Protein chains: 2
Amino acid sequence: MADANDPRARLELLELLWRGGQRPSRGPKPKLTLDQIAQAAISLADAEGLDALSMQRVATELGYTTMSLYRYVSGKDQLVELMTDKAAGDPPPYTGDPADWRAELEAWVHALWELYLRHPWTLRAQLSTPPAGPHQLAWFEAALRPLTRAGLTGGDAISATLLLLAAVRQFAGFAVDMTAGRARAGLTTEESEAGYDAALREFVDPDRYPALTALIGDGVFQPTGLPDSGIGLDLDFGVHRVLDGIESYVRARREQGP
Amino acid sequence: MADANDPRARLELLELLWRGGQRPSRGPKPKLTLDQIAQAAISLADAEGLDALSMQRVATELGYTTMSLYRYVSGKDQLVELMTDKAAGDPPPYTGDPADWRAELEAWVHALWELYLRHPWTLRAQLSTPPAGPHQLAWFEAALRPLTRAGLTGGDAISATLLLLAAVRQFAGFAVDMTAGRARAGLTTEESEAGYDAALREFVDPDRYPALTALIGDGVFQPTGLPDSGIGLDLDFGVHRVLDGIESYVRARREQGP
DNA sequence: TAAAACTGTGTATCACTTACACAAAACAGT
DNA sequence: ACTGTTTTGTGTAAGTGATACACAGTTTTA
């Protein structure tokens, strides 16, 4: 099995991602499958987070010994990579007006946001390559289609996809981290938000942080009762700006020629 | 010392962030300082990454025992939070035209990008609260100023800051992950990029991924020789779109009234 | 009917975090 | 000055986790 410090590890990973780890015909029939292992690991990570994910626990969950997993996976890192692609699943098909690329991208963003809230640990997974698995690329494809239709070409379409991806990932990350931190502190959402507001009021010096102080004074950081402290709305705002920016870019290029 | 599963942990953290862990007057004079510990930990994380960061190694680096660190810090998690704020430092002062909010934000983005490349591990640090340290907030403030001047108010200014922050963080994350993965595989940049292109060509099915296939055919994924595989340029593209979007939003609001 | 290849397992090693208790050090109040 | 209290740095030990390695049993191939 290829060491992690080896170019072969990348090829091996691709093989597993795309061909699901076909086994040679010799030897005993495997009792487990890669898919089964990845599924058990995903369930565990969903329920208790990436920190609670250990080879031991996955193995126990499946009723096998820890070391048996190493017959399917070169190590924990590789397992996480496989989990990440599997958990991504396929993006939901877009059913709206095919000409409305903005709506299609908004739906994409929304679906991805939900995916990350469903599998928060994927945001912390350390991947060794750019997206290369079938599901990761399916999401990529689903964004490229409307962007291409909007009029973006080549590298611009990639850049725009990455920009939207960046926004969703980070905003989801903000939301997830806040929820996790809140839960670890044993606070309600309201308590947590009020505590943050109070902390800002206590420590933020108006001379050093004038703009921030003004916002605090406006009550911007007070508890809102919104889910995820309103991060979803921040994301909506951001996506709207980004799509506006893309639209005006395409228009300018069209009018002015390349 | 407050357990992590305790609201007091948050107050304790704030105390350390803002008042640097003042010590009671009784007892032996401490030989270490919080700052010293954080600095050693930052150097280690810079050099070898967050995985290599252990209490043992930090202590050894300083010439003390592992457990001595626990007199200054409640645990590794808290240390990482302190490191993150300290490593953020203060944003460089903006020296350009004060009326040119776009240039100011571009400079901010650029400085932040460099910060993340200098301290890549901060992108993986798990923080228990929204930004609450003096340096984190200083960066926040530095973005709020030009955005406020641009004409954004209240929650909009926050949303826009988060959007730009999201872009920089994630693009830096892409760059960092690619570099790390490349290094672990023992490949040159060129080899790594060529390998990715080759993998896409091998596995991507034109029927299932038509838009992606078109891009691959255009040679978009071929090695470029650009630093960080051109991610910096993708970020520039993205920031340009975002600023355009913000600008048109402000203009529309001004013309139409709130 | 071997020989070869592969599976699941038991064992062992190494690194890590952190709880706990102890002795020495420094201060506070008398 | 003195004594009790608080705090520091340390030694020890427990618990968890990743993973290397060798072994015995299983299945296929020649």
Side-chain angles (χ1 to χ4, degrees), chain A residues 1-6 9 12 15-16 21-34 36-37 40-41 44-45 48-83 121 125-126 184, chain B residues 1-6 9 12 15-16 21-34 36-37 40-41 44-45 48-83 121 125-126 184:
Chain A
M1 194 141 301
D3 188 307
N5 191 341
D6 187 322
E12 190 185 295
E15 202 61 32
L16 292 181
Q22 288 173 338
R23 311 248 128 190
S25 53
R26 290 231 182 148
K29 296 267 178 253
K31 297 188 183 131
L32 286 166
T33 64
L34 193 54
Q36 217 179 346
I37 293 170
L44 183 57
E48 304 188 37
L50 212 48
D51 287 342
L53 182 79
S54 71
M55 301 300 270
Q56 315 197 354
R57 291 212 46 192
V58 174
T60 304
E61 214 73 45
L62 291 165
Y64 287 82
T65 60
T66 305
M67 290 313 292
S68 67
L69 303 185
Y70 287 87
R71 294 286 173 210
Y72 298 83
V73 154
S74 71
K76 191 181 177 180
D77 291 350
Q78 194 181 74
L79 174 58
V80 171
E81 302 225 38
L82 297 170
M83 289 165 64
W121 49 270
Q126 179 132 25
R184 264 189 302 168
Chain B
M1 194 139 300
D3 190 304
N5 191 340
D6 187 322
E12 191 185 294
E15 201 61 30
L16 292 181
Q22 287 174 340
R23 310 247 128 190
S25 55
R26 292 238 179 137
K29 296 266 177 256
K31 297 190 182 128
L32 286 166
T33 65
L34 193 55
Q36 218 179 347
I37 294 170
L44 183 56
E48 305 187 37
L50 212 49
D51 287 340
L53 182 78
S54 72
M55 300 302 266
Q56 316 197 349
R57 292 212 44 193
V58 174
T60 304
E61 214 71 46
L62 291 165
Y64 288 82
T65 61
T66 306
M67 290 313 292
S68 67
L69 303 185
Y70 287 86
R71 294 287 173 207
Y72 298 84
V73 155
S74 71
K76 190 181 179 181
D77 292 349
Q78 195 182 73
L79 174 59
V80 171
E81 302 225 39
L82 297 170
M83 288 165 63
W121 49 270
Q126 179 132 26
R184 264 190 303 169

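Letters go in sequence order (proteins before strands), and every chain restarts at 1. When reading the values below, keep in mind they use all heavy atoms of this one structure, side chains included, and skip hydrogens, waters and symmetry mates. Everything numeric in this text was worked out from a predicted model, so none of it was measured.
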Given [options], which nucleotide is nearest the side-chain atoms of [X]?
X: A:Y70; options: D:dT28, C:dG8, D:dA18; answer: D:dA18
X: A:P28; options: D:dG25, C:dG8, C:dC22; answer: D:dG25
X: B:T65; options: D:dT10, C:dT9, C:dT18; answer: D:dT10
X: A:M55; options: D:dT7, D:dA18, D:dG11; answer: D:dA18
X: A:Y64; options: C:dT17, C:dT9, C:dA24; answer: C:dT9
X: A:Y72; options: C:dC6, D:dT10, C:dG8; answer: C:dG8
X: A:P24; options: D:dG4, C:dC6, C:dC22; answer: C:dC6

Considering every strand and a 4.0 Å limit on heavy-atom distances, what is the contact class for [X]: base, sugar-phosphate, or nothing?
X: B:M67; answer: base
X: A:S25; answer: sugar-phosphate
X: A:S54; answer: sugar-phosphate

**Q.** A:R71 charged N/C atom sitting above A:Y64 aromatic ring, 6.0 Å / 45°
**A.** no
Q) Within this structure, what is the CG-to-P distance between B:L53 and C:dT17, rounded to whole angstrom? A) 8 Å
